[in-house]
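Data first, discussion second: the structure below is written as structure tokens.
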Amino acid sequence: QEKVQQSPESLIVPEGAMVSLNCSFSDSASQSIWWYQQHPGKGPKALISIFSNGNKKEGRLTVYLNRASLHVSLHIKDSQPSDSAVYLCAVIQANYGNEKITFGAGTKLTIKP
Amino acid sequence: GPKVLQIPSHQIIDMGQMVTLNCDPVSNHLYFYWYKQILGQQMEFLVNFYNGKVMEKSKLFKDQFSVERPDGSYFTLKIQPTALEDSAVYFCASSFQNSAETLYFGSGTRLTVL
């Protein structure tokens with residue numbers, strides 16, 4: 001069974017700082033990795049996904065995937081108070097055409113104005 | 001963006017009663033999911049549903065749980081009978097093709113079993 005572990009559990013940074021969130025997974029055959037943002041009382045919202053080794057940039061977000069080390073990271077540039085939320089790493093496993101998603105426990109991010 | 005609507009937002013019931021959680025997925029989506037999240041804990045997969053059938057279910061999807069989407073209406077999760085450990089927030093999600101595509105989540109139904 002896929003295991004997804006996120007670190008740190010929580011993070012407090014000042015506004016404008018660069019934020020780095022980490023996620024490790026156990027299955028090298030995992031199809032793709034997604035990052036979701038979850039505000040209190042709301043459902044997760046998809047932010048960015050990556051399939052291939054390397055990095056992918058969208059706006060202030062950059063995600064890095066290293067399949068050899070089973071590690072993916074999310075970096076948020078120029079962080080803003082509205083970025084305060086729980087960030088969830090989700091790993092997709094292909095399963096004979098029926099994909100399965102496993103979520104990590106999340107990192108609680110607080111951006112201080 | 002596309003929205004998934006969950007009704008009700010809160011539900012309080014007595015242990016042993018039946019409860020139905022309703023989800024109105026994004027209109028052209030074909031895959032539907034239920035997830036369970038106990039406060040402060042990990043989001044856990046319950047079941048996914050496609051073309052009128054359960055495709056996969058987890059160990060958390062007990063015999064007391066059932067899902068259906070009659071005639072393209074709400075996608076429902078029914079628990080009968082409920083147990084204390086069913087207290088959690090239940091999230092519905094939908095996607096156009098499969099979970100390799102973007103999943104759109106509702107805001108959840110907070111279920112409290114007394």
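All figures in this text were calculated on a predicted structure; none of them were measured in a lab. Sequence lines set the chain letters: A, B, ... in the order given, protein chains first and strands last, and positions in each chain run from 1. Hydrogens, waters and symmetry mates are skipped; everything else that's a heavy atom, side chains included, is used.
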In short, B:Gln42 meets A:Val4 closest at the heavy-atom pair NE2-O, 4.4 Å
Does any heavy atom of chain B fall under 4.5 Å from the side chain of A:Gln38, the backbone, both, or neither of them? side chain
Distance in Å, B:Thr102 OG1 paired with A:Ile48 CD1, rounded so as to fall on 0.5 Å steps: 11.5 Å
Around A:Lys56, counting heavy atoms of other residues, nucleotides and ligands shown, do more than 12 lie under 6.0 Å from its NZ? yes
A:Gly43 versus B:Phe91, closest heavy-atom pair with distance: CA-CE2, 3.4 Å
Taking atom CD of A:Gln5 as the centre, report whether more than 12 heavy atoms of other residues, nucleotides or ligands fall under 6.0 Å from it. no
How about A:Met18: does its CE atom have over 12 heavy atoms from other parts shown lying under 6.0 Å from it? yes
B:Gln6, part contacting chain A, at a heavy-atom distance under 4.5 Å: neither
For atom CG of B:Leu84, decide whether the heavy atoms of other residues, nucleotides or ligands shown that lie under 6.0 angstrom number more than 12. yes
Rounded distance [0.5 Å steps], CD1 in A:Ile101 versus OH in B:Tyr35: 3.5 Å
Kindly check if the number of other-residue, nucleotide or ligand heavy atoms within 6.0 Å of CZ (B:Arg110) is above 12? no
NZ/B:Lys62: more than 12 non-hydrogen atoms of other groups inside 6.0 Å: yes
With a 4.5 Å limit on heavy-atom distance, are the side chains of B:Leu103 and A:Trp34 in contact? no
